[in-house]
Amino acid sequence: MSDSHGNGSIRADGAPKPVGSYPHARRVGELLFLSGIGPRDAASNAIVGNVHDAQGRLIAYDIELQCRAVFANVRAVLEASGAGWDDLVDVTVYLTDMARDFTAYNAVWAEYFPDIDRAPCRTTLGITALPTPIAIELKCIARLPGAATE
Ligand SMILES: O=C(O)C/C=C/C(=O)C(=O)O
């Protein structure tokens, strides 16, 4: 974890670099607010699961791979912040093609959150575009371990 400014700002070495001028997360009291994060490879920052033609145009993507990559990135930011998967309390999921991708995404979600009583609250939105050519982005809020639940 890096919080060199003492303001709760987190930069996670194990997560892909943010694509703009924002931290991976901010701690505020017992809560941890994660920036929107996409399905990028943490080492190369390349988008996972995108298929391009010889001219470099995006021609296909694998939503399952993108789901797994974005969940891995969320986990990396949580762990760098001193939290874990079970500390997620609220997740907003943005999909660029709800009709095509909801079923596959929902199945991967169920693998990662098999226990409905321990899963975070979730809201899934279909939107026309994300800032980069990704099909899924997650926006998460977690409760830091040790914080009271009530
Ligand atoms: O491209 C990504 O990996 C995710 C980018 C997110 C943003 O730039 C944003 O939500 O502003």
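Every heavy atom of this structure was used, including side-chain atoms; hydrogens, water molecules and symmetry mates were not. Atoms within a ligand are numbered from 1 in the order they appear, just like the ligands themselves. Everything quoted here is computed from the prediction, not taken from an experiment.
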### Query
Just which atoms of ligand 1 are under 4.0 Å from any heavy atom in Thr132?
1 (O), 2 (C)
### Message
Give me the nearest non-hydrogen protein atom to atom 11 (O) of ligand 1 as residue plus atom name, then the distance to 0.1 Å.
### Response
Pro131 CG, 4.0 Å
### Message
Taking 4.0 Å as the limit for heavy-atom contacts, which would you say applies to Ile134 with ligand 1: side chain only, backbone only, both, or neither?
### Response
side chain
### Task
For atom 2 (C) of ligand 1, find the nearest protein heavy atom and state the residue, atom name and distance (0.1 Å precision).
Arg40 NE, 3.3 Å
### Query
Which protein non-hydrogen atom lies closest to atom 7 (C) of ligand 1, naming both residue and atom, and how far is it?
Tyr22 OH, 3.4 Å
### Query
In terms of the angle between their ring planes, are Trp109 and Phe113 parallel, tilted or perpendicular, with boundaries placed at 30° and 60°?
tilted
### Query
Step by step, would you call Asp101 with Gln66 a side chain to side chain contact (heavy atoms under 4.5 Å, CB included)?
CA-CA 11 Å; Asp101 294 334; Gln66 293 211 352; over 6 Å; no
#### Entry: Option whose closest heavy atom lies nearest to atom 8 (O) of ligand 1, chosen from Ile136, Val19, Leu130
Val19
### Task
Measure the shortest side-chain to side-chain distance between Pro16 and Asn45 over non-hydrogen atoms and say whether it is less than 4.5 angstrom.
yes
### Task
Side-chain contact test, heavy atoms from C-beta onward, threshold under 4.5 Å: evaluate it for Arg122 versus Asn106 and give yes or no.
yes
### Query
Is the shortest heavy-atom distance from the side chain of Leu65 to the side chain of Pro39 under 4.5 Å?
no
### Task
Around atom 10 (O) of ligand 1, find the nearest protein heavy atom and jot down its residue, atom name and distance.
Glu137 OE2, 2.7 Å
### Task
Mark yes or no for whether His24, through its side chain, and Leu78, through its backbone, hold a donor-acceptor pair below 3.5 Å.
no
